[in-house]
Amino acid sequence: KYKNNQNKPELLAFKGASADKTRWNSDNTFIQQLWIDTDAPRFINLDSLNTGLKPSADSLNLEATVLVVPIKGVTEPGEERSGLIITSRPPPDYFVDVDLMALEIITGLTSGAISNCLTHLTLKNTNKKLREEIAARLEIQKELQGHRDQLEKIVAQRTMSLQMANTALKKARDDIQ
């Protein structure tokens, strides 16, 4: 289950449950309550549910105990997604090999997601450091340009002073001759 733009759970995957998929929707009060209350993995004994939730939980044809695990992630920068994984023991005629294959796929996807996340964080940190380095270099470049400008003024002043002194010396020499 994932949160959509209306902040309601929506079914994105359905595997192994014997109930009709249409019952797994945001109108189901059991799913609504799980959506509101679940912030950490937990087991829920369906036999101990209050009378208001029991019928909607029973309509999902789950076993007596289910495991509910919240998941959170980011699909795009600034777009957070959250959801629930709800697991129950499969019916007796269910093939274990299918579960094992699904777990292998989930493991691969999780591993890839973790790798992508670490790469994203590394790139983000590298970009931040590069921006900081560029900003520092631009500041140094600006400061260096200020020193160059100041040096040019000093050179211009000294050149003018030397020219005036040179002119005065020529005049004095001419006066002596």
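The figures that follow rest on heavy atoms only: side chains count, while hydrogens, waters and symmetry mates do not.
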_Other ILVMFWY residues reachable from Ile134 by side-chain steps of under 4.5 Å_ = Leu138
*asked:* Would you say that more than 12 heavy atoms from the other residues, nucleotides or ligands in this model lie under 6.0 Å from the CD of Gln141, or not?
replied: no
*Looking at CG of Leu53 and CD of Gln32, how far apart are the two atoms once the value is rounded to the nearest 0.5 Å?*
9.5 Å
*Could Arg148 and Glu152 be called an ion pair, given the rule that one side-chain N must be under 4.0 Å from one carboxylate O?*
no
*Please answer whether the main-chain N or O of Phe30 pairs with a side-chain N or O of Ser56 as donor and acceptor at a distance below 3.5 Å.*
yes
*asked:* I'd like to check His147 versus Leu151 (side-chain heavy atoms, cut-off strictly below 4.5 Å). Are they in contact?
replied: no
*Nearest-0.5 Å distance that lies between atom CG in Leu60 and atom CG in Leu46*: 9.0 Å
_Under a 3.5 Å cutoff, is there a donor and acceptor pairing between the side chains of Asp149 and Gln145?_
yes
*Are the side chain of Thr38 and the backbone of Trp35 linked by a donor-acceptor contact shorter than 3.5 Å?*
no
*Any side-chain heavy-atom pair of Lys128 and Lys124 under 4.5 Å*: no
*Is the shortest heavy-atom distance from the side chain of Thr65 to the side chain of Ile44 under 4.5 Å?*
no
_Could you check whether Lys54 pairs with Asp58 (Lys NZ or Arg NE/NH1/NH2 to Asp/Glu carboxylate O, under 4.0 Å)?_
yes
_Taking every non-hydrogen atom, the tightest pair across Gly52 and Thr29_ = O-OG1, 3.9 Å
*Rounded distance (nearest 0.5 Å) linking atom NZ of Lys171 with atom CD1 of Ile176*: 12.5 Å
*Which distance, rounded to the nearest 0.5 Å, do you find between the CD of Glu133 and the CZ of Arg137?*
4.5 Å
*Any side-chain heavy-atom pair from Phe43 and Val68 closer than 4.5 angstrom?*
no
*Inter-residue atom distance Ile154.CD1 - Thr159.OG1, 0.5 Å rounding*: 11.5 Å
*For Arg42 and Leu34, work out which heavy atoms get closest and say how close.*
NH2-CD2, 3.8 Å
*Do the side chains of Arg173 and Leu169 get nearer than 4.5 Å, heavy atoms only?*
no
